[in-house]
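Written below as structure tokens is the structure these notes are about.
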There are 2 protein chains.
Amino acid sequence: MTVISKIARMARWQPGARERLQATALQLFADHGFEQTTVAQIAHAAELTERTFFRHFADKREVLFAGQEDFLDLFTDPIDEAPAGTPAYELIRRSLDGAGGFFPDERRPFARVRASIIGTEPALQERELAKLAALKVRLGELFRERAIEEPAATLAAEAGVTIFHLSFQQWIAEGEQRSMSEIARERLDAMAALVSA
Amino acid sequence: MTVISKIARMARWQPGARERLQATALQLFADHGFEQTTVAQIAHAAELTERTFFRHFADKREVLFAGQEDFLDLFTDPIDEAPAGTPAYELIRRSLDGAGGFFPDERRPFARVRASIIGTEPALQERELAKLAALKVRLGELFRERAIEEPAATLAAEAGVTIFHLSFQQWIAEGEQRSMSEIARERLDAMAALVSA
DNA sequence: GCGAGTGATGTCATTAACTGACATCACCAA
DNA sequence: TTGGTGATGTCAGTTAATGACATCACTCGC
């Protein structure tokens, strides 16, 4: 009797289907490319069916982008906790600082593989832009709620997301050792210097 | 003998297949929605085949976004013509001013229909973001070529694209009468005021 | 314990986006 | 005249995505 069939006697399904699909997909995409990998292959390798894949992820690309809600909260929680009247620049600083915690060093190898997959596929870059745009919209809303007027609110949100994006790309760059928070702080300071110059 | 068969005797194909597909697609999308319209329907309504549609447009969404090259040139030509040493802000001002010419009042109704279609479909918003991102990348390159250092180059490109996007949305807003150039100038001034404050 | 629900999964059928290979045929240039 | 070219058509195939219905371990109230 195999280990798998033993487990199968204990539970109807193996737990963690979603995570298994994500890990399997990442592996297959890295090995054979995004386009060359079919959803059927991913599902089969994860010992599930294609239909189950699409129950967990709205489309094939989404398997690389799940967890959007958590991602947004990372940035917005520090802003929610800031006192009223905090200036936009300080809100961005806190937001980036808080989000930095989501990118511990252990994640860097994973992030690099993921980024290299996304980098080879325009369709995936589109999705990434959409996710960043969603973050931008959310930040803009929070700023406006705090009586920061347009166009300052949108521009501040834009700047915040840009700083994050630039920092993230540096974080996963070859040889980079510094933490996400350190890099983001440096980028933010550079922007501040730019504006005040 | 029909008009069509007369023309058919004179030419193997009706000219302007691409434009016909674009106009037909816009019409059908507006009437029945993007998802509800199939490529086969568009092609048939334009008296062409599905295969021909995909020869002109890489995918179904692209029929609403063709002409990317011309669009980019609109923004970059004024920058190419500016003298060396022109500051980033002035480059953006010229770029927006030049691009404004691409949005004459006659285009507003078309732009409104198009925008309302895009607004209802996340997949189309993704594509639009990708196009704007391409513009941002191109502007960033031009700025860096002019010895504007990072992160100023990327931030300036970002700001320019944001101003354009905000201006465009205002241009197609209900009741708006001003020209694209006027609106863009106002938005740019607002941003400048913000930075210098 | 036991029977009714619940939830994650499987099965099956179908649609529609997209692609490759090859055919057609007016036009044009040598 | 003839041979090449380019835009289109035809056809077959793959795969992403979705709806409808079945299954069955688990759980909760009794």
Side-chain angles (χ1 to χ4, degrees), chain A residues 4-26 28-29 32-66 117-118 121-127 130, chain B residues 1 3-25 28-29 31-66 117 121-124 126-127 130:
Chain A
I4 287 179
S5 60
K6 268 186 201 162
I7 294 173
R9 262 197 303 126
M10 296 162 59
R12 174 89 175 88
W13 323 286
Q14 304 237 27
R18 187 185 181 82
E19 292 69 26
R20 229 157 63 233
L21 285 167
Q22 289 180 112
T24 309
L26 190 82
L28 292 175
F29 291 164
H32 311 118
F34 176 80
E35 282 290 350
Q36 282 62 47
T37 305
T38 68
V39 173
Q41 285 167 6
I42 299 167
H44 185 253
E47 299 185 276
L48 292 164
T49 63
E50 208 175 334
R51 195 65 185 85
T52 297
F53 179 96
F54 285 111
R55 286 211 181 85
H56 284 281
F57 307 104
D59 58 50
K60 184 183 171 186
R61 287 175 283 165
E62 198 62 18
V63 72
L64 283 174
F65 294 93
I117 295 168
I118 293 174
E121 200 64 43
L124 295 172
Q125 292 162 36
E126 273 191 7
R127 180 57 52 86
Chain B
M1 179 172 292
V3 173
I4 287 179
S5 59
K6 269 187 200 163
I7 294 173
R9 262 198 305 128
M10 297 163 59
R12 173 92 175 89
W13 324 283
Q14 303 237 30
R18 186 186 180 82
E19 291 69 26
R20 232 159 59 235
L21 285 168
Q22 288 180 115
T24 308
L28 291 175
F29 290 165
D31 289 350
H32 310 119
F34 176 81
E35 283 288 351
Q36 282 63 45
T37 305
T38 69
V39 173
Q41 284 167 7
I42 299 168
H44 185 253
E47 301 184 273
L48 292 164
T49 64
E50 209 177 332
R51 194 67 184 83
T52 298
F53 179 97
F54 286 112
R55 286 210 181 86
H56 284 282
F57 307 103
D59 57 49
K60 184 182 169 186
R61 287 176 281 166
E62 198 62 18
V63 72
L64 284 174
F65 294 93
I117 295 167
E121 202 65 43
L124 294 172
E126 272 190 8
R127 180 59 51 85

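Note that this is a predicted model, so its numbers are computed, not measured. All chains are named by letter (A, B, ...) in the order of the sequence lines, taking the proteins before the strands, and each is independently numbered beginning at 1.
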Compare the minimum distances between each of [options] and the side chain of [X], then state the nucleotide with the smallest one.
| X | options | answer |
| --- | --- | --- |
| A:A17 | D:dT8, C:dT9, C:dC18 | C:dT9 |
| B:T49 | D:dT10, C:dG10, C:dA17 | D:dT10 |
| A:R55 | D:dG9, D:dC21, C:dC18 | D:dC21 |
| B:K60 | D:dT8, C:dT11, C:dC18 | C:dC18 |
| A:W13 | C:dA17, D:dA17, C:dA8 | C:dA8 |

Closest non-hydrogen atom pair between [X] and [Y], with its separation:
| X | Y | value |
| --- | --- | --- |
| A:A123 | A:R61 | O-NH1, 3.2 Å |
| A:F34 | A:K60 | O-NZ, 2.9 Å |
| A:H56 | A:A17 | NE2-CB, 4.0 Å |

Q. Tell me: CD of B:E35 to P of D:dT18, nearest whole Å?
A.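 After rounding, the gap between these two atoms is 8 Å.
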
Q | Atom pair distance, as rounded to whole Å: NE2 in B:H32 and P in C:dA16 | A |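 Between P of C:dA16 and NE2 of B:H32: 14 Å.
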
(Q) It should be established whether B:T52 places a side-chain nitrogen or oxygen under 4.0 Å from OP1 or OP2 of nucleotide D:dG9. (A)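 Yes, within the criterion.
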
Q. With respect to the phosphate group of D:dT8, does any side-chain polar atom (N or O) of B:H56 fall under 4.0 Å of OP1 or OP2?
A.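 The answer is yes; a side-chain N or O of B:H56 sits under 4.0 Å from OP1 or OP2.
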
**Q.** Given DNA chain D, 5'-ward residue of the pair A:R51 and A:T38, judged by closest heavy atom
**A.**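 The answer here is A:T38.
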
**Q.** Close side-chain approach of B:F57 to B:V39, heavy-atom, < 4.5 Å
**A.**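 No, their side chains stay 4.5 Å or more apart.
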
